[in-house]
Amino acid sequence: MGPGMGAGGRPQEGALTRRSVLRGMGAGALATGAGGVLAACSSGSKTSSSASSKSTINIGYIAPFTGSLAGFASADKFVVSTIRSTPAYAKGFKVGGKKYDVNIIVNDSGSDPNRASQLARKLILNDNVDMLLTADTPETVNPVAVVAQTEGVPCAATNDPWESWYSGLGGNPVTHTAKFQYCTLFFFGLKQLIGSFIPMWKRMQSSSTNVACQWPNDSDGNAFRAVLPPVIKAEGFNPIDGGAYTDGTTDFSAMISKFKSNDCQYISNCPLPPDFNIFWKQANEQGWKPRLATVAKVLLFPDDLTTLGPLVNNIATDSWWGPYMPTVSSLDPKLKASDLAYSFQTQTGQEWVQSIGGTYSLFEVAHQAFTSASDPHDHLEVAESLHKVNYTGISGELNFTNGPAPGVVATPVIGVQWKATSGGKYPYEMKVVDNTQNPHVKVTADLQPTNA
């Protein structure tokens, strides 16, 4: 099979080549394993003709249930169970006038890009999936998307900044014209992320406009470093880059000293959660206490707070979904966002997590794409249907036809802070403090300094 050919020898738009992948990928996406996009040819086919049952739609789902990024998938078992019980999934999809059972195959990437890639290939070649769904950071999402695009299998993804996903497939987030025929993603981009933080910085005036940039040498960090400095400067702030450190670093003294000497009063970052825990403890010990900490990729979930304890109070972060969303499921019209969040709490005894909404919506998107096609086993037709999805569901409106890049929905982000509770069931709660990007969401608390 020649370059740029998909499953069954079909030409692909935005075709992946060895050179484009090496140029565009971050560290997480590059580690796709021996059988990934850097391997020679796809062994896929136009349809999943060897599927175990022509009357069954097989959907593969890959997420990091274990490993350093497990917090992102901590509610996924609950979500998949909830999805399986919805009328559409329990009774089957009607596609092209026929009824099909739906089989969901769940796999754990272990937060390992190589394993994510291997699982994607296994689901395609051994389990004959008709679509791949994947979520939760570039370390899992990017390698899965690369394999799906190479093998010519429809893939929908979320919880991965769209620029990181796009560059991982070999695209240029600046020009963003390439269409990756089999892949789509809905999630915010760096514009939306920083757009949730800057309004909070402006409201929290301080002695300096310097922003501490803790950006690692990985796919997220390199995307932040490439895109954000001019955006930050245009808003009247000055980015101070702490250096492209290696994931797993245990001594941040030099970086902290740089931030402290430059009187950095705000933060922009995207570290792995264990790295941030070490960094923030060391910053506190060394006397660097910025007025407002706005963090990304960390402290997104209640379990992330345990290690830091009181040091998390009034740390701000981004939120893309929660019980405060005025949204309803497209699979179950009686199910509101608040119902879904509180159902999780009732069933598990754990505090709700915002990744619930994105994972749930992946299965809404899959339902939309399959039921708009005539043959669920025709990968090209389903992929084309996937790119045309436009509906409103548990994550609000998702329209894949008019995003910042082909196949992308850039979702809005709101600003939240972790607030200590007095006698509540949970020690800290996520409170909405800025709704600039989504005025339909109500503000539930005042913005306060992380360090007064």
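The chain is numbered in sequence order, starting from 1.
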How many angstroms lie between [atom1] in [X] and [atom2] in [Y], if you round to the nearest 0.5 Å?
| X | Y | atom1 | atom2 | result |
| --- | --- | --- | --- | --- |
| N438 | T436 | CG | OG1 | 10.5 Å |
| E364 | S330 | CD | OG | 3.5 Å |
| T294 | M200 | OG1 | CE | 6.0 Å |
| L193 | L190 | CG | CG | 6.5 Å |
| N159 | Q354 | CG | CD | 8.0 Å |

Under 3.5 Å donor-acceptor, [X] side chain and [Y] backbone:
| X | Y | value |
| --- | --- | --- |
| D339 | L335 | no |
| H379 | P154 | no |
| R225 | W215 | yes |
| T401 | K388 | no |
| T444 | V432 | yes |
| S85 | T82 | yes |
| T317 | V295 | yes |

Heavy-atom nearest pair, S355 first then F72, reads OG-O, 2.9 Å

Of all the heavy-atom pairs spanning V382 and F370, show the shortest one and how long it is. CG1-CE2, 3.9 Å

ring-ring contact (aromatic ring centres under 6.0 Å, His included) with [X]: which residues, sequence neighbours excluded?
| X | result |
| --- | --- |
| F197 | none |
| F344 | F78 |
| Y61 | F363 |

Got a list of side-chain donor-acceptor pairs under 3.5 Å for residues 99-106, not counting sequence neighbours?
{"from": "N103", "atom 1": "ND2", "to": "N58", "atom 2": "OD1", "distance (Å)": "3.0"}

Can you list everything that forms a side chain to side chain donor-acceptor pair (under 3.5 Å) with [X]? Sequence neighbours excluded, please.
| X | answer |
| --- | --- |
| S372 | none |
| T348 | none |
| T411 | none |

Do [X] and [Y] make the cut of ring centroids closer than 6.0 angstrom?
| X | Y | answer |
| --- | --- | --- |
| F188 | W162 | no |
| F93 | H367 | yes |
| W418 | Y428 | no |

Under 3.5 Å, is there a donor-acceptor pair linking the side chains of [X] and [Y]?
| X | Y | answer |
| --- | --- | --- |
| D76 | T359 | yes |
| K442 | N435 | no |
| T392 | E397 | no |
| S385 | E381 | no |
| T421 | Y426 | no |
| T66 | D108 | yes |

Got a sec, which pairs hit ring-ring contact (aromatic ring centres under 6.0 Å, His included) with one end in residues 382-402, sequence neighbours left out? none

Test of understanding: with salt bridge (charged side-chain N to carboxylate O under 4.0 Å, His left out), list the residues that count as partners of [X], not counting sequence neighbours.
| X | answer |
| --- | --- |
| D220 | K297 |
| K431 | E429 |
| E235 | K202 |
| D434 | R203 |

